[in-house]
Every structure is written in C-alpha cells, then in structure tokens.
Number of protein chains: 4
Amino acid sequence: MSDKPKRHLDPQLAEARRAQVINAASDCFRRKGYHAAGMAEISKTAGMSAGHIYNYFDSKEAIIEAIIERDKEEMFSVFNGFLEQPGDLLQIMVDGADDGVEKHLDLERSALELEMLSEAARNEKVAALLAQSDTQARALMKQLMQSERSQIRHLPEHELDARIAVMFSMITGLTMRRVLHPELDKDTILLALNPVLKTLLTP
Amino acid sequence: MSDKPKRHLDPQLAEARRAQVINAASDCFRRKGYHAAGMAEISKTAGMSAGHIYNYFDSKEAIIEAIIERDKEEMFSVFNGFLEQPGDLLQIMVDGADDGVEKHLDLERSALELEMLSEAARNEKVAALLAQSDTQARALMKQLMQSERSQIRHLPEHELDARIAVMFSMITGLTMRRVLHPELDKDTILLALNPVLKTLLTP
Amino acid sequence: MSDKPKRHLDPQLAEARRAQVINAASDCFRRKGYHAAGMAEISKTAGMSAGHIYNYFDSKEAIIEAIIERDKEEMFSVFNGFLEQPGDLLQIMVDGADDGVEKHLDLERSALELEMLSEAARNEKVAALLAQSDTQARALMKQLMQSERSQIRHLPEHELDARIAVMFSMITGLTMRRVLHPELDKDTILLALNPVLKTLLTP
Amino acid sequence: MSDKPKRHLDPQLAEARRAQVINAASDCFRRKGYHAAGMAEISKTAGMSAGHIYNYFDSKEAIIEAIIERDKEEMFSVFNGFLEQPGDLLQIMVDGADDGVEKHLDLERSALELEMLSEAARNEKVAALLAQSDTQARALMKQLMQSERSQIRHLPEHELDARIAVMFSMITGLTMRRVLHPELDKDTILLALNPVLKTLLTP
DNA sequence: CATGAATGAGGCTTCATTCAT
DNA sequence: GATGAATGAAGCCTCATTCAT
C-alpha cells in the first residue's frame with residue numbers, strides 16, 4: 001500500500017513536525033471543515049511549507065486519520081480517569097456529565113466530529129479507525145460497568161451492551177444537537193440527562 | 001436577490017423534474033457526500049443534462065436546501081401520525097420507536113443526515129433551515145407531551161424542553177451510531193431504549 | 001453559406017417579427033452589451049420565445065448584423081436631411097453639431113457603438129457591414145462638401161477625404177469620450193468644436 | 001476584500017511572471033476580445049498553467065485592470081517626453097502627431113483599446129481605472145498648454161478644457177477609425193490633422 | 001530538511017441553440 | 001407559427017499534490 005516508508009533521520013524532530021501538522025489541521029478543520037480547509041491554510045497554521053507536509057503525511061486524508069488516532073488516545077485517558085476514580089459509578093458518571101456536556105456542547109468540537117463521521121461514511125479507512133476507537137471505548141465502558149463500583153455489574157452482557165449503545169448515542173447526539181439548537185444550555189440538558197443516566201446505570 | 005423567477009408553463013412537469021433532481025441528489029450525497037458529489041453525477045443520476053438542472057435550482061446549494069425541506073415535510077407527517085393516534089403517549093412512542101429505530105439505523109439515511117449536519121456547521125443557510133425544522137419538531141413534540149394522552153402534561157415547560165432535547169439527541173445519536181457500530185441491531189437498542197423512553201415520558 | 005432560406009408564409013408578419021427582435025436586441029445590447037445580453041432577455045423583451053427568434057435569425061450574431069443595417073439607414077436619413085437643407089454648409093454643420101453632440105454623448109448609444117466596433121475587430125461580417133456603412137457616409141459627406149453651398153467645393157478630392165477622415169474621427173471619438181469622461185457637457189465641447197469645424201469646412 | 005496577500009518570496013520572478021501574463025493576455029484580448037479569450041488560451045500563450053496565473057492575479061478581470069495600469073504608465077512617459085522637450089508646444093504636438101498617428105493607427109492597438117472601452121461601458125472598476133487614467137492625461141495636457149512654451153497659456157481654463165476634450169476625442173477617434181477604414185494612411189490624416197491642431201493650440 | 005512555484009484535473013455554472021409538441 | 005424544455009460545450013476558478021532548488 002505504502003511504497004514510501006519515508007524514514008526520517010531524526011525521529012524526534014519528525015514526530016514534533018507531525019504533531020505540529022496534526023494540531024494545525026485540527027484547528028483548521030474545526031474552523032472551516034475538512035473540505036473547506038485547504039492545505040495552504042494548514043501549512044500556514046503549522047508554520048511549515050505546504051510541500052513539506054507531504055514529507056510527513058501521504059495526503060490530506062492521512063492527516064485526518066492521524067487526528068482520529070490522537071483523539072482516540074485522549075478518549076483513553078478520559079476513561080482511565082473514570083477507572084481510577086473512587087466511588088459509585090453512577091455518581092462518577094453524573095459528575096462527569098457536568099464537564100462532559102460542556103465539552104460536547106462546544107460548537108467547534110462538534111464540527112470536527114461531524115467532519116470525521118461524515119468522512120467515515122465514505123472513506124473506509126476513516127470508518128475503520130473510528131469504529132475501532134468506538135469499539136475500544138465501549139469495551140472500557142463495559143469494564144467500568146462491570147467493576148465493583150457499579151450497581152449493574154451483574155446484568156447480562158447483552159443488556160450492558162444495549163445500555164452502552166444508547167448511552168453513547170446520547171452523547172454523540174448531544175454533540176450534534178448544538179448545531180441544530182445552539183441556544184440549548186448545559187443546565188437544561190442535565191435536568192433530563194441525569195434521570196436517564198440513572199435509568200441506564202441502575203438495575 | 002433572484003432576478004429570474006423562472007416560471008414554468010407546466011407546473012406539474014416542473015415539479016416532477018424538481019423531484020427527479022432532489023431524489024438523484026439525495027442518492028449522490030448519500031454515496032459521496034455533498035462536496036464530493038458533482039453536478040455531473042447528479043445530472044446523470046437524474047437523467048437530465050447538468051445545465052437543465054439550473055432551470056429548476058439556482059445552485060447546488062439550493063438542491064440541498066430543497067432536500068432539507070422535503071425531509072422536514074416527511075418529519076411533519078410522522079408527527080401528525082403520532083398526533084392522530086389514540087392511546088397513551090408513552091405507548092405510542094414505544095411502539096413508534098420500533099419503526100423509528102429501524103428507519104434511523106438505515107445506513108444511507110444516516111449518511112445523508114450527516115452530510116446535512118456537516119454542511120450546516122459551516123453554511124448558515126443550511127444551518128438555519130435545519131434549525132427551523134428542528135424547532136418545529138420540538139414544538140410538535142411538546143404539543144404531544146402536553147396532550148391529554150400524556151402522563152407528563154402537567155410538568156413545567158422547562159422540564160419538558162429538557163426532556164425533548166435529550167430525547168432528540170438520542171435519536172440523532174442513534175442515526176450516527178450506525179456509522180461507528182454497524183453490527184448493532186434494532187432489538188439490542190430497544191432493550192435499553194424503552195426504559196429510557198419511559199423515564200422521559202413519565203413523571 | 002445559408003442552407004435554410006427560411007421562407008415565411010406571411011412576409012409582412014415576418015418583417016414585423018424581425019423588427020420586434022431588432023428593437024429588443026438593440027435595447028438589450030445598449031443596456032448590457034452584446035455578450036452580457038442573453039437570448040433569454042432578448043426574447044423576453046421582444047415578447048417572443050427564444051426558440052422562435054431562430055426562425056428569423058440564424059444566430060445572435062445575425063441580429064447584431066441586422067442592427068447595423070438598420071442604423072445605416074438611420075444614418076442615411078440624417079445626411080439626407082443635411083442635403084435637403086438650404087444655406088451654407090458650415091452653418092448647417094455647426095447647427096447640426098448642436099443636436100449631434102447631444103445625441104453622440106448619450107451613454108447608452110456609446111455602449112452599443114462600442115459593442116459593434118469591438119465585434120468588428122474580430123468578426124469579418126460585422127466589420128464589412130460597418131465599413132460599408134462608413135464608406136457610404138463618407139461618400140455622402142463628400143457630396144455635401146462638393147455641393148454648391150460648400151465653401152470648400154473646389155478643394156482637391158484628397159484634401160476632402162482627409163478632412164472627412166478627421167471629422168469622422170472626431171465624432172466617433174466624442175461618442176467614446178463619454179465613457180471616460182462622463183461629466184463632460186455639450187456646451188464645453190461646442191466651444192472648441194465649432195472652431196475646428198470651421199477649420200475643416202473653410203479653405 | 002482580499003484575504004490572501006500572496007506574498008512572493010522572489011519579487012523579481014513574481015514581477016516577471018506578472019509581465020508574462022499581462023503580455024499574453026494583451027495579445028489574446030487583441031485577437032479575440034476580452035470575453036472570447038479564455039483563460040486556457042491566455043495560459044498557453046503565457047507559457048504557464050491556467051491555475052498558476054491565479055497566484056499572480058485574483059481573476060481575469062484583475063488582468064485587464066493590470067493592462068490598463070501598464071498602459072497608463074506608458075501614457076505618462078509619452079507626456080513626460082513632451083514636457084521635457086524644448087520648443088513651441090504647437091511644433092512639439094505637430095511633430096508628435098507624426099509618430100502618434102502611426103501608433104494609433106496600429107490595428108492591434110486599436111483592438112485592445114476598444115476592448116477596454118467596451119468593457120468599461122459595463123464594468124465599473126474598469127471604467128474607473130480608465131477614467132482615472134484619462135483624467136491624469138488631461139491634467140498633463142493642461143499643464144503643457146499652460147507652460148511657457150504654449151501660445152495659449154493665457155486662455156481661460158474652461159477654454160483649455162474644451163480644447164483638450166476635443167483633441168483627445170480626435171485621438172481616440174483616430175484609433176477607432178482604423179477598424180472602419182483600414183486603407184486610410186497616415187499622410188492623409190496629417191493633411192487635415194495639422195490645421196486642426198493649429199486651431200486648437202493657437203489663440 | 002525545507003521551500004513555494006507550478007501543475008492540471010475537476011468543480012460549478014452559463015448560454016446559444018435545437019427540437020418535439 | 002410558436003413555445004420553452006432540454007442540451008452540452010465551454011467558461012472561470014480552486015486546490016491537492018509534485019518537484020527543482
């Protein structure tokens with residue numbers, strides 16, 4: 001598939017450059033969307049010539065793939081935070097919802113997530129990466145649900161899977177909501193979200 | 001704004017042609033995305049020359065706007081179906097969820113909805129149309145929730161708004177879910193969705 | 001060249017239709033220019049379907065050719081007016097200049113004349129028609145200059161040709177002037193034009 | 001207005017490229033006219049890809065504007081030549097007319113000037129640039145007429161303005177004349193032009 | 001390693017012209 | 001005679017990608 005392994009003499013510098021590009025592209029995609037953000041803008045934001053970016057990424061598409069990879073890692077740390085936190089799972093989630101809703105209501109974040117999903121609908125590689133990320137997130141969530149601190153640790157797996165699917169749907173949906181309904185505020189959401197979380201996290 | 005009202009002598013033919021284009025464009029946007037689908041492909045799919053499309057639509061953008069309008073009308077009839085249906089609202093929604101989840105899990109439908117949301121994130125006109133459609137949908141939902149057949153008709157408005165926001169988030173989220181998690185099936189979802197609906201539709 | 005003689009059953013009607021189109025196109029070209037005026041607009045202005053115009057003219061180009069032909073005839077009558085007028089030629093021309101300058105300062109008229117000259121620079125047929133019209137105008141002018149009422153009727157022909165060339169240049173130039181210098185008014189022009197006319201029309 | 005200043009690292013190269021495009025476009029506009037000359041042809045003539053032209057010009061319109069600017073500068077140097085030349089103004093102009101008429105009779109030059117005027121009749125920006133150029137030319141001419149070497153330096157300004165308008169009309173008109181009357185030669189024109197110049201440049 | 005000049009395919013849109021009715 | 005729906009070539013412009021330096 002890739003004929004050009006593109007070895008770099010200084011792997012550390014290379015990694016730094018890749019990060020520069022990923023961050024810059026991330027910003028640009030957020031602001032303008034994947035299609036509307038041009039390589040020219042990305043290169044300017046990254047402080048690097050357009051041509052040089054191709055020494056680190058095979059294509060614009062490869063950049064969005066790298067962003068997904070990075071976001072997956074961010075997601076891991078969020079879940080790890082939950083895993084390490086003491087106390088009842090329901091309480092953790094309800095507390096986390098406060099921050100989480102705020103974060104997911106961020107309009108620019110929505111835009112980027114939408115771009116990626118949208119791209120996934122027709123780009124197999126992107127779809128595979130996102131699906132993989134989602135699978136791992138669900139696995140981590142299930143692990144949480146089966147931990148000692150969970151009131152539903154004894155429910156059958158299939159039941160847990162169902163609850164996770166619905167819970168994740170809700171989170172994704174909240175992210176999208178902002179596009180359609182920008183005046184919606186965090187507190188309103190929490191008013192209805194908390195009872196739903198309770199439904200999903202208690203037997 | 002538009003100097004060319006472009007009256008058509010045979011309004012029926014004109015409407016048929018518009019529908020041809022809207023359907024063709026829907027397909028193309030689903031398959032390739034709004035940006036990637038070219039007018040050439042749309043025109044071929046519609047069985048009509050590219051130039052001729054411009055006798056019915058001012059621009060490619062006008063086509064996606066028409067699609068949104070069409071979908072809005074479809075949404076109205078779904079709600080009207082609910083409004084005319086007898087019986088307890090919770091029961092209606094739980095029954096409706098059966099069909100609804102199936103419909104929303106349809107991968108092609110998801111792709112098109114994603115395209116539109118995605119476009120909305122940076123196209124104000126599209127955003128406005130979708131927001132308007134969403135506002136009306138929420139109003140209809142509130143009307144349902146305040147009808148005699150609803151167990152929560154006496155809750156404060158703000159509470160109803162919150163529940164609606166979360167409920168709609170979940171529906172949108174389910175639509176997106178399919179992209180990330182294609183092996184998810186309807187019955188699994190209903191397993192967890194029904195209790196959540198109950199939570200949202202009872203005091 | 002023309003395979004389709006296009007005989008019309010009712011030649012009078014046909015001529016009326018041609019005139020309709022010529023007048024409409026004349027207006028449109030004046031307002032928008034030859035290229036910018038579309039057949040759609042011309043047909044609307046003419047009160048006739050676009051397709052039907054092609055029963056009377058082979059192409060858009062044929063229309064501008066017909067306009068030139070019409071204008072040539074207008075030009076004839078102006079000269080005929082001069083020929084029939086009594087009195088000294090210089091006086092006639094000085095008097096005529098008053099009206100003429102006004103007419104030639106008309107901005108829309110300039111636009112149409114410019115369009116035609118511009119088209120002539122690359123369309124042989126148009127060039128030929130305009131040249132023919134110009135040749136006849138110069139011949140008529142020479143006839144005037146050689147008439148009894150002219151003070152310069154005994155100058156050698158070559159001298160007359162030269163004066164005509166310069167005089168016609170000035171008229172064309174005044175027409176164009178309006179585009180570059182719109183605030184220029186008739187009286188200012190006459191102030192300098194009359195002495196020049198005198199120079200050209202006296203020995 | 002323009003978000004992309006498009007700085008070029010090597011300003012000399014950039015200027016050379018701009019000149020390449022300007023020259024190529026001049027040729028194409030002459031031959032085919034502004035509208036009929038396509039970017040494809042211009043790019044081929046310039047020996048440069050069509051896309052690359054847009055690194056130096058924002059649009060096709062910007063190219064014609066640059067041509068106007070270039071011609072304005074040429075015009076300045078002609079006037080500066082006159083200003084620096086010693087001797088009586090009338091003599092200078094009569095001598096200048098010899099070269100000037102030749103230059104203005106050049107068919108290709110005419111074609112381009114016609115294109116620009118023609119475009120000015122419906123493109124405000126082009127009209128403004130040409131008008132500005134013309135205004136400056138008239139100012140320079142007035143300066144000449146008011147210099148010591150002029151026999152008419154004491155005439156009232158309004159009288160000078162009038163003479164300038166008529167003189168410039170004549171020059172523009174001569175340029176156009178060639179299109180209608182190609183067999184006209186320089187000597188014939190001078191025969192009548194010199195007395196007119198004398199009329200305009202003496203009290 | 002790094003640049004940005006250069007390419008060229010492809011995008012949306014317009015419009016003179018044709019033709020079935 | 002008359003219509004206007006339909007065509008399709010051509011137009012201007014954008015942008016991911018390459019390559020000489």
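Chain letters run A, B, ... following the sequence lines, proteins first and then strands; every chain starts at 1.
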Worksheet item: After noting the C-alpha distance and the side-chain angles of Asn123(D) and Ile64(D), does the key distance pass the side chain to side chain contact (heavy atoms under 4.5 Å, CB included) rule?
Response: CA-CA 11 Å; Asn123(D) 177 328; Ile64(D) 208 179; 5.7 Å; no
Worksheet item: Any ion pair linking Lys72(C) and Glu69(C) (charged N to carboxylate O, less than 4.0 Å)?
Response: yes
Worksheet item: Roughly how many Å is it from CG in Asp10(B) to C1' in dG4(F), rounded to a whole number?
Response: 11 Å
Worksheet, complete the sentence: The contact string for nucleotides 7-12 of chain F, one letter per nucleotide 5' to 3', using protein heavy atoms under 4.0 Å with B, S and - for base, sugar-phosphate only and none, comes out as BB---S
Item to complete: Measure the distance from CD on Glu41(C) to C1' on dA16(E) and round it to the nearest whole Å.
Response: 14 Å
Discussion item. Can you tell me if His8(D) touches the phosphate of dG4(E), counting only side-chain N or O atoms and a distance under 4.0 Å to OP1 or OP2?
Written reply: no
Worksheet entry | Atom pair distance, as rounded to whole Å: CZ in Phe57(B) and P in dT14(E) | 15 Å
Worksheet item: Taking CG from Leu13(D) and C1' from dT3(E), how many angstroms apart are they, rounded to a whole number?
Response: 13 Å
Worksheet item: Rounding to a whole Å, what distance do you find between Leu9(B):CG and dA2(F):C1'?
Response: 12 Å
Worksheet entry | Residue list, ring pair (Phe, Tyr, Trp, His ring centres under 6.0 Å) with Tyr56(B), at least two apart or on another chain | His8(B), His52(B)
Response to the item:
For residues 23-43 of chain B, the salt bridge (charged side-chain N to carboxylate O under 4.0 Å, His left out) pairs (sequence neighbours left out) are Asp27(B)-Arg30(B), Arg30(B)-Glu108(B), Arg31(B)-Glu41(B), Lys32(B)-Glu41(B)
Discussion item. How many whole angstroms separate atom CD of Gln20(A) from atom P of dC1(E)?
Written reply: 13 Å
Item to complete: In plain terms, say whether Lys125(B) and Glu65(B) are close enough for a salt bridge, that is, a side-chain N and a carboxylate O under 4.0 Å apart.
Response: yes
Fill in: ring pair (Phe, Tyr, Trp, His ring centres under 6.0 Å) partners of Phe57(B), counting only residues at least two apart
none
Discussion item. Would the distance check show the side chain of Ser26(D) and the main-chain N or O of Ile22(D) forming a donor-acceptor pair, the cut-off being under 3.5 Å?
Written reply: yes
Fill in: DNA chain E base-pair string [pairs: Watson-Crick or G-U under 3.5 Å; |: paired with another strand]
.||||||||||||||||||||
Discussion item. Test your reading of the model: is there a side-chain donor-acceptor pair from Lys60(D) to the backbone of Tyr34(D), 3.5 Å cut-off?
Written reply: yes
Practice prompt. Report the residues that fulfil salt bridge (charged side-chain N to carboxylate O under 4.0 Å, His left out) with Glu15(A), sequence neighbours left out, ordered by chain and then residue number.
Written response: Arg18(A)
Worksheet entry | Glu61(B) CD to dG11(E) P, straight-line distance once rounded to whole Å | 18 Å
Item to complete: Rounded to the nearest angstrom, tell me the gap between atom CD1 in Ile42(B) and atom C1' in dG10(E).
Response: 15 Å
